[in-house]
2 protein chains.
Amino acid sequence: MLRIMAKRSDKPDDRHYGGRGDPVRSMELLWRDRSAPARGRGPKPGLTVERIVTAAIDLADAEGLPALSMRRVAQRLGVGTMSLYTYVPGKAELIDVMFDTVCGEQDPIPWAEDWRERLELIARSTLGMYRRHPWMLSVMANSRPPLGPNSIANYDRDLRAVDGLGLTDLEMDSVVTMLAVYVQGAANTVVEAASTEPATGVSDQEWWETYGPLLAKVFDAEKYPTAARIGAVAGETYQSAYDPDHGFEFGLTRLLDGVAALIASR
Amino acid sequence: MLRIMAKRSDKPDDRHYGGRGDPVRSMELLWRDRSAPARGRGPKPGLTVERIVTAAIDLADAEGLPALSMRRVAQRLGVGTMSLYTYVPGKAELIDVMFDTVCGEQDPIPWAEDWRERLELIARSTLGMYRRHPWMLSVMANSRPPLGPNSIANYDRDLRAVDGLGLTDLEMDSVVTMLAVYVQGAANTVVEAASTEPATGVSDQEWWETYGPLLAKVFDAEKYPTAARIGAVAGETYQSAYDPDHGFEFGLTRLLDGVAALIASR
DNA sequence: TCCAATATCGTACGGCGTACGGAGACGACG
DNA sequence: CGTCGTCTCCGTACGCCGTACGATATTGGA
């Protein structure tokens with residue numbers, strides 16, 4: 001009756017860029033039994049899902065999601081491309097497992113007395129995760145996430161941080177989600193800023209020195225006096241168009257102030 | 001001395017997914033003189049940059065960024081693929097122009113008396129833009145943005161909304177950026193949620209009905225009581241894992257409460 | 001009229017995900 | 001010990017991608 005992605009899409013690779021895989025296959029992989037080898041009749045497996053996932057994560061960390069290809073992963077493992085398909089149904093499901101694996105590698109976050117500090121620690125830890133694995137930003141799914149053991153553990157940890165503050169269940173969920181969404185957006189900026197210089201070989205200052213004059217030629221400061229004023233101040237202060245780390249902390253403070261107001265109103 | 005992307009990267013297409021183009025070429029396109037045809041000697045141009053950009057935007061709207069290819073755009077215009085390169089240096093620069101074009105199509109936002117209402121209107125208008133053009137989320141650049149006329153106009157508009165409230169220039173910039181970052185993150189969720197059903201042919205409810213039992217088999221509710229409780233409540237309330245529109249407004253309220261606290265402290 | 005300048009675009013290269021099916025390795029059973 | 005069923009490994013092929021290159025067609029100016 002109810003089929004969920006029972007068929008692969010007709011066109012190759014038209015699932016979202018860091019796509020969701022077939023839920024059933026993904027769940028089987030995510031919650032797979034890691035203990036029993038349970039060898040059967042054929043030849044010994046030369047690989048494991050773990051080794052493939054690790055190699056894929058290393059590759060994505062080093063060269064980004066666009067460089068993540070089945071060929072490249074197989075190359076890293078010294079096997080033929082198609083051998084991977086013995087262990088993993090396809091690229092999309094592999095990415096689902098990569099996602100949950102990374103979710104599980106965060107250090108345990110110390111339990112602070114203050115809810116505010118707890119949320120700050122979580123936010124910064126998550127930011128650190130995105131820093132180490134920028135491709136996670138392209139894979140993140142907030143609706144219909146691949147519900148692996150580690151991402152669920154994180155969800156539980158986040159909820160416990162706002163439990164017992166007088167919020168309703170729904171408000172707790174909303175606060176936690178809002179924080180995750182904000183961190184995701186801010187991390188996008190932070191990560192992009194960090195990755196641009198190595199990728200282009202041009203520092204922010206150099207970029208600004210070239211772009212600025214280019215812009216000055218065409219930009220009419222009289223038409224947009226506010227943008228001209230603030231843009232100049234921000235550019236001088238940050239030596240670039242924007243300082244993402246400052247932005248992250250600034251936004252986090254405002255956001256938690258807003259949460260404080262909600263809690264106070266209860 | 002100072003070269004900014006003077007050469008194309010050696011590998012094809014390793015610029016970011018919705019990549020930045022060569023700044024000089026992009027700026028020439030973005031601020032191009034739209035008036036003068038200034039015909040010279042050769043055959044009449046059969047296309048315009050505008051037509052190409054429009055076709056590209058239509059394609060990206062309809063089928064997403066992964067489907068945006070030079071071949072497909074050319075197909076839509078009834079020309080050979082390589083003809084596009086007469087008008088546009090490459091795909092990356094085309095995307096830069098698409099970006100700024102979309103930035104310019106927002107309706108003018110009415111000027112509200114209350115700063116808070118002004119920011120709400122901007123946030124919702126921006127969300128609407130992301131709804132109409134989900135691919136903009138994959139193209140958004142917060143550091144080193146392609147500074148076209150329209151994105152600058154929007155920046156100015158945003159700043160004017162928080163001018164004269166007693167904030168410093170830097171704080172104004174931070175507030176505006178924070179709002180943009182939040183909307184970006186939240187829009188990610190909203191847009192993803194809206195696009196998942198048509199893309200997969202599975203409604204949220206159907207998905208939940210299949211996924212839920214699948215999860216129930218492996219999820220240990222006693223290990224994560226908080227997640228189990230809240231997840232169940234949220235699932236029942238939203239008939240899915242999450243209601244993104246509610247999340248957007250909830251987060252926006254908290255965020256503006258935080259801004260209000262900042263303004264009050266001045 | 002003829003040429004310089006411009007527009008058009010076919011071909012080619014090396015990449016991608018993965019369907020398909022053959023080949024070889026191994027354990028269980030006769 | 002042979003044989004068969006099962007499993008692993010993976011070469012090949014298809015149709016996509018961006019775009020460098022260079023041939024060809026079209027036009028206006030001299």
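Just so it is clear, the model here is predicted, and its values are computed rather than measured. As a basis for the values below, the full set of heavy atoms in this structure was taken, side chains included, without hydrogen atoms, waters or symmetry mates. Lettering follows sequence order; numbering is per chain, from 1.
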Engineer: Within this structure, what is the CG-CG distance for the pair Leu30(B) and Leu147(B), rounded to the nearest 0.5 Å?
Structural biologist: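 So the gap between those two atoms works out to 8.5 Å.
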Engineer: Separation of Leu68(A) atom CG from dG15(C) atom P, in whole Å?
Structural biologist: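 For the pair Leu68(A) CG and dG15(C) P, the rounded distance is 16 Å.
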Engineer: So does Tyr87(A) get a side-chain nitrogen or oxygen closer than 4.0 Å to the phosphate oxygens (OP1/OP2) of dC9(D)?
Structural biologist: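 Checking Tyr87(A) against dC9(D): at least one side-chain N or O falls below 4.0 Å of OP1 or OP2.
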Engineer: From Met136(B) CE over to Ile57(B) CD1, what is the distance, rounded to the nearest 0.5 angstrom?
Structural biologist: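 If we round to the nearest 0.5 Å, Met136(B):CE and Ile57(B):CD1 are 8.5 Å apart.
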Engineer: Does the distance from a Lys or Arg side-chain N to an Asp or Glu carboxylate O, for Asp245(B) and Arg131(B), drop under 4.0 Å?
Structural biologist: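 A salt bridge is present here (some side-chain N lies under 4.0 Å from a carboxylate O).
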Engineer: Could you give the distance from OG1 (Thr101(A)) to NE2 (His133(A)), rounded to the nearest 0.5 Å?
Structural biologist: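 That separation rounds to 10.0 Å.
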Engineer: Using a distance-only test with no angle check, is there a side-chain donor-acceptor pair under 3.5 angstrom linking Glu93(A) and Ser26(A)?
Structural biologist: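 No pair is found: no donor N or O on one side chain lies under 3.5 Å from an acceptor on the other.
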Engineer: Nearest-nucleotide wise, let me know which of Gly42(A) and Met70(B) is further upstream toward the 5' end of DNA chain D.
Structural biologist: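 Its nearest nucleotide lies further toward 5', so the answer is Gly42(A).
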Engineer: Of Pro43(A) and Pro43(B), whose nearest nucleotide on DNA chain C comes first from the 5' end?
Structural biologist: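 Final value for this comparison: Pro43(B).
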Engineer: Could you measure the distance from the CG atom of Leu65(A) to the OG atom of Ser138(A)? Nearest 0.5 Å is fine.
Structural biologist: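 Spacing of CG (Leu65(A)) from OG (Ser138(A)) equals 5.5 Å.
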Engineer: Using whole Å, report how far CZ of Arg41(A) lies from P of dT8(D).
Structural biologist: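 Rounded to whole Å, this separation is 13 Å.
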Engineer: In whole Å, what is the span from the NZ atom of Lys91(B) to the P atom of dC17(D)?
Structural biologist: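 In whole Å, dC17(D) P and Lys91(B) NZ are 9 Å from each other.
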Engineer: Using whole Å, what does the distance between atom C1' of nucleotide dC10(D) and atom CD1 of Ile52(A) come to?
Structural biologist: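 That distance rounds to 14 Å.
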Engineer: With heavy atoms under 4.0 Å as the rule, sort Leu94(B) into base, sugar-phosphate or nothing.
Structural biologist: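 Nothing, no nucleic acid heavy atom in range.
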Engineer: Near DNA chain C, counting only heavy atoms under 4.0 Å, which residues of residues 74-86 of chain A show up?
Structural biologist: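 Going residue by residue through residues 74-86 of chain A, the ones with a heavy atom under 4.0 Å of DNA chain C turn out to be Thr81(A), Met82(A), Tyr85(A).
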Engineer: Between Arg71(B) and dC17(D), does any side-chain N or O lie under 4.0 Å from OP1 or OP2?
Structural biologist: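 Answer yes for this pair, as a side-chain N or O of Arg71(B) is under 4.0 Å from OP1 or OP2.
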